[in-house]
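Side chains are part of it too, since the values below use all heavy atoms of this structure and drop only hydrogens, waters and symmetry mates.
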Amino acid sequence: MIKFFRKIRQKLLSENNFSKYLIYAIGEIILVVIGILIALQINNANENRKSAKQENLYLKRLLSENRDDINTFKNNISDLEKGIETIENLSLVLNSKDSNDERLIAAANDFFGYGSIYPIFSSSTSTFDDLSSTGNLKDIRNSELRDELVKHYAKHKQVAEWIRIGTEWALPNDAPFTYNNSIMRFEPVSDFLFGEQNQSDLANHLRDKKEEYINNAAVHFWINKDPIDKLKVLITDTNEIINLIEQELKK
């Protein structure tokens, strides 16, 4: 093709026909411009396909991680609610004059096994972190979805921070209580370290320190209850994000 145009150009030059050569030159320029535009269009189409493919992969990863988060949050709520049950039971038993030694010790064991455990927050943020740190968040072309994702993961940080604050508030009260009352002697796993213990003495200790134990249980009640409420809200928000992602993947 290049040789063909070269021959035409040389022929027009040899004929010394400037007007025809000018028309030819303009035509050649137009052909070059058209070729460049076609190449750019093809390149843009390829880039768009790559971007769409990348976006699809990101959306699928976000969808999978948010579904995992739903299960994680539900399991966390279940554990925290189990803890609150043991807290309420300990209060009930300690406040009852009819509670025998066995029931008192069992209630304390349950509380230390479930109710006194600190809440933790765990979520899957690797894909969003990747999108944010690499600047690839722009690959999510739907601006509404993009904005909702930013808000959603900001809520993750808020819940994690709230739990951290609750834990830091409770620890100064919890640590002295744990040590001063030797609560590990109530734990079936570690009670052997204290030697043979008289069950009546343990039960009477609980009765004598009733207010102290209920105060400690109340601390754990609140640091468990608040995360439950916030995790339930986060589950609702996560379900909404899942719906938005699913709708985007269907387009």
Side-chain angles (χ1 to χ4, degrees), residues 63-125 151-178 181 183-191 202-203 206-207 209-243:
L63 182 62
S64 176
E65 288 181 0
N66 276 278
R67 284 172 175 167
D68 288 342
D69 282 343
I70 292 289
N71 292 328
T72 299
F73 298 156
K74 286 181 177 179
N75 288 336
N76 287 345
I77 289 173
S78 178
D79 291 341
L80 292 170
E81 287 178 339
K82 171 66 176 176
I84 285 181
E85 285 179 14
T86 66
I87 290 168
E88 291 173 342
N89 184 56
L90 178 65
S91 173
L92 178 67
V93 171
L94 284 172
N95 284 308
S96 173
K97 295 180 180 179
D98 299 327
S99 298
N100 58 34
D101 294 352
E102 184 179 357
R103 190 181 175 197
L104 273 170
I105 294 171
N109 283 339
D110 287 342
F111 168 66
F112 294 128
Y114 300 99
S116 66
I117 303 301
Y118 282 85
I120 58 171
F121 179 77
S122 175
S123 65
S124 304
T125 63
K151 294 176 186 176
H152 174 66
Y153 286 101
K155 292 174 184 176
H156 282 224
K157 292 182 179 180
Q158 290 170 1
V159 174
E161 180 65 9
W162 187 267
I163 290 175
R164 183 191 67 78
I165 291 171
T167 298
E168 290 185 355
W169 168 75
L171 276 173
N173 300 299
D174 209 23
F177 168 81
T178 300
N181 291 289
I183 67 167
M184 300 308 294
R185 58 185 165 156
F186 290 97
E187 290 281 356
V189 177
S190 57
D191 62 355
L202 289 177
L206 291 169
R207 292 186 182 98
K209 298 280 188 173
K210 181 182 82 170
E211 294 299 327
E212 194 172 341
Y213 275 84
I214 290 177
N215 282 333
N216 183 260
V219 168
H220 285 278
F221 176 86
W222 283 111
I223 65 172
N224 282 1
K225 186 178 184 304
D226 281 349
I228 288 174
D229 295 339
K230 285 175 171 52
L231 286 170
K232 286 180 177 179
V233 172
L234 198 53
I235 285 175
T236 300
D237 186 75
T238 304
N239 277 320
E240 291 173 357
I241 283 292
I242 287 172
N243 289 333

No-hydrogen, no-angle side-chain donor-acceptor test under 3.5 Å, T72 and D68: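 Note: T72 and D68 side chains miss the donor-acceptor criterion.
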Close side-chain approach of [X] to [Y], heavy-atom, < 4.5 Å:
| X | Y | value |
| --- | --- | --- |
| V219 | F177 | no |
| I77 | I235 | yes |
| I163 | Y118 | no |
| Y213 | I183 | yes |
| L80 | P227 | yes |

Candidate list L104, L94, V93, test side chain to side chain contact (heavy atoms under 4.5 Å, CB included), partner K210, passing option: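 Filter result, single survivor: L94.
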Residue from T86, D174, I84 passing side chain to side chain contact (heavy atoms under 4.5 Å, CB included) with H220: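 Answer to the side chain to side chain contact (heavy atoms under 4.5 Å, CB included) test with H220 among T86, D174, I84: D174.
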So which heavy atom on [X] is nearest to which on [Y], and how close?
| X | Y | answer |
| --- | --- | --- |
| P172 | P176 | O-CD, 3.0 Å |
| G115 | N224 | O-ND2, 3.7 Å |
| F112 | I117 | O-CD1, 4.2 Å |
| A217 | I87 | O-CG2, 3.5 Å |

Mind checking the [atom1]-[atom2] spacing from [X] to [Y]? Nearest 0.5 Å is all I need.
| X | Y | atom1 | atom2 | result |
| --- | --- | --- | --- | --- |
| S123 | I70 | OG | CD1 | 11.5 Å |
| N173 | I223 | CG | CD1 | 10.0 Å |
| H152 | T125 | NE2 | OG1 | 10.0 Å |
| F221 | I214 | CZ | CD1 | 13.5 Å |
| Q158 | L234 | CD | CG | 9.5 Å |
| L206 | I105 | CG | CD1 | 7.0 Å |

Test applied, side chain to side chain donor-acceptor pair (under 3.5 Å); reference residue, D237; option that passes from K155, K232, H156: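 Among K155, K232, H156, the one meeting side chain to side chain donor-acceptor pair (under 3.5 Å) with D237 is K155.
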Whether over 12 other heavy atoms sit under 6.0 Å from F121 CZ: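 Enclosed: over 12 neighbouring heavy atoms sit under 6.0 Å from CZ of F121.
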Within 6.0 angstrom of E168 CD, more than 12 heavy atoms from elsewhere: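 More than 12 heavy atoms, drawn from other residues, nucleotides or ligands, come within 6.0 Å of this atom.
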Donor-acceptor under 3.5 Å (D69 side chain, S124 main chain):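 Present.
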Any donor-acceptor pair under 3.5 Å from N215 side chain to E211 backbone: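 Indeed, once roles are kept as given, a pair shorter than 3.5 Å links the two residues.
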Test: R207 and D101 ion pair at under 4.0 Å: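 A salt bridge is present here (some side-chain N lies under 4.0 Å from a carboxylate O).
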